[in-house]
Amino acid sequence: MDEVEAVREANQRYYRAFESSDLDSMSAVWEHSARVVCTHPGWSTLRGWGQVASSYFALFQNGGHTQFVLTEERPEVGADTAWVSVDENLLGDDSGVTVACLNVFVRHEDGWRMVAHHGSVVHAATGGLAGA
């Protein structure tokens, strides 16, 4: 498997863990360090593995089911760092929403581990940026 496909697979593992509310699988995706950072849509930025892990525990306890339909998935690979920009089209119990995300990975001996996830809700296009 080439490096782009390996990063794409690491990214897919993140979404499979999320959809199945599997904290052990989610833990296996992330690097366990103080440098990890996560911004869920509408949340303050979380720093360090402890805060990030706690956020997924809380999200998985809500009892709702979330399905991701990923579009515009674009992995890029550098020397020991890679990132995936992707649109998460979330289908939930109540409604759907699109979240633009950037997932950052670093190379470890056993593969790629996530060190950053940032998601921002995409609002319907209004013909351009305000003030642009």
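Start at 1 with the first residue, then count along the sequence.
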Any donor-acceptor N/O pair, E19 side chain to F68 backbone, under 3.5 Å: yes
Take the angle between the ring planes of W30 and Y56 and call it parallel below 30°, perpendicular above 60°, tilted in between. tilted
Inspect the contact between E76 and R74 and indicate whether a charged nitrogen and a carboxylate oxygen are less than 4.0 angstrom apart. no
Going from CD on E73 to CZ on R8, what distance comes out if it is rounded to the nearest 0.5 angstrom? 5.0 Å
Heavy-atom pair of closest approach, residues V106 and V115: CG2-CG1, 3.5 Å
When you compare the side chain of C101 with that of Y15, does any pair of heavy atoms fall below 4.5 Å? yes
Kindly work out whether a path of hydrophobic side-chain contacts (I/L/V/M/F/W/Y, heavy atoms less than 4.5 Å apart) joins L90 to F60. yes
Aromatic ring pairing W49/H32, orientation class (parallel under 30°, perpendicular over 60°, tilted between): parallel
Rounded to the nearest 0.5 Å, the NE2 atom of H118 sits from the CG atom of L102 at a distance of 8.5 Å
Minimum side-chain heavy-atom gap L46-H40 below 4.5 Å: yes
Once rounded to the nearest 0.5 Å, what's the spacing between atom CD of E88 and atom CG of N103? 7.0 Å
Which heavy atom of C38 sits nearest to which heavy atom of V52, and what is that distance? CB-CG2, 3.7 Å
If you group Ile, Leu, Val, Met, Phe, Trp and Tyr by side-chain heavy-atom gaps below 4.5 Å, do W83 and V37 land in one group? no
Mind checking the CH2-CD spacing from W112 to E9? Nearest 0.5 Å is all I need. 14.0 Å
Checking the side chain of R107 only, and the main-chain atoms of A79 only, is there a donor and an acceptor separated by less than 3.5 Å? yes
Interatomic distance, L70 atom CG to N11 atom CG [nearest 0.5 angstrom]: 7.0 Å
Candidate pair R113 and F105, rule side-chain contact (heavy atoms from CB on, under 4.5 Å), full reasoning: CA-CA 5 Å; R113 296 289 178 104; F105 298 86; 5.8 Å; no
Determine the minimum heavy-atom distance between P75 and V7, stating which atoms define it. CB-CG1, 4.2 Å
Any idea which heavy atoms bring A53 and L23 closest together, and the distance? O-CD1, 4.2 Å
Given 3.5 Å as the limit, does a donor-acceptor pair link the side chain of N89 with the main chain of V69, or not? yes
Could you tell me whether the side chain of R47 reaches within less than 4.5 Å of the side chain of V36, counting heavy atoms only? no
Closest non-hydrogen contact found for V121 with P41 is CG2-CB, 3.7 Å
In terms of heavy-atom contacts, D24 and D22 come closest through N-OD1, 3.1 Å
